[in-house]
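For reference, the structure discussed in these notes is given below.
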Amino acid sequence: MREMILKAVANPPKILWGPFLPTLMNIGIQFPIMFMFIGIGDVNPLLFVISIVLVHGAIVLAGTKEPHLSTMIQAFGQTRKVTTNLYVEKGAKFEP
């Protein structure tokens, strides 16, 4: 059991040598835009394929510098929640 935990921490999941979440975000954003531009304006899809490859290359470079990029994005999303104050005071109070 201990080996699995260490392996998961040491080797975060990757897709085509890039961090999992940024790679999925790249594909999830650029593919629908590509299909919309192809359907609406009859644009050559080669432009988008080149863009997808270039952005994926940048993601791979960022992933080699910081391998836990997906975890950092998930942690940032969890800390950006707006709190409500129970007591009338200025500022954000983190009381239950």
Scan residues 15-32 for pairs that pass side-chain hydrogen bond (donor to acceptor under 3.5 Å, both in side chains), counting only residues two or more places apart or in two chains. Asn26-Gln30, Gln30-Ser51
Under the side-chain contact (heavy atoms from CB on, under 4.5 Å) rule, collect the residues that match up with Leu61, sequence neighbours excluded. none
Can you list every side-chain hydrogen bond (donor to acceptor under 3.5 Å, both in side chains) pair that touches residues 36-46, not counting sequence neighbours? none
Donor-acceptor pairs are to be reported for all side-chain atoms of residues 69-76 against protein atoms at under 3.5 Å, with residues two or more places apart or in another chain.
{"unit_1": "Ser70", "atom_1": "OG", "unit_2": "Phe20", "atom_2": "N", "d": "3.3"}
{"unit_1": "Ser70", "atom_1": "OG", "unit_2": "Leu21", "atom_2": "N", "d": "2.9"}

Sequence-distant partners of Phe37, ring pair (Phe, Tyr, Trp, His ring centres under 6.0 Å), two or more places apart: Phe48
To the nearest 0.5 Å, what is the distance between CE (Met34) and CD1 (Ile27)? 10.5 Å
Quick check: is Ile29 connected to Val43 through a chain of hydrophobic side chains (ILVMFWY, heavy atoms under 4.5 Å apart)? yes
Treat each ILVMFWY residue as a node, draw an edge where side-chain heavy atoms are under 4.5 Å apart, and state whether Leu47 and Val55 are in one component. no
Nearest 0.5 Å, what's the CD1-CD1 distance between Ile38 and Ile33? 12.0 Å
List for me each residue that meets side-chain contact (heavy atoms from CB on, under 4.5 Å) alongside Pro67, sequence neighbours excluded, and say none if there are none. Pro12
Share the residues that join Leu54 in a hydrophobic cluster, the rule being Ile, Leu, Val, Met, Phe, Trp or Tyr side chains under 4.5 Å apart at the heavy-atom level. Leu46, Ile50
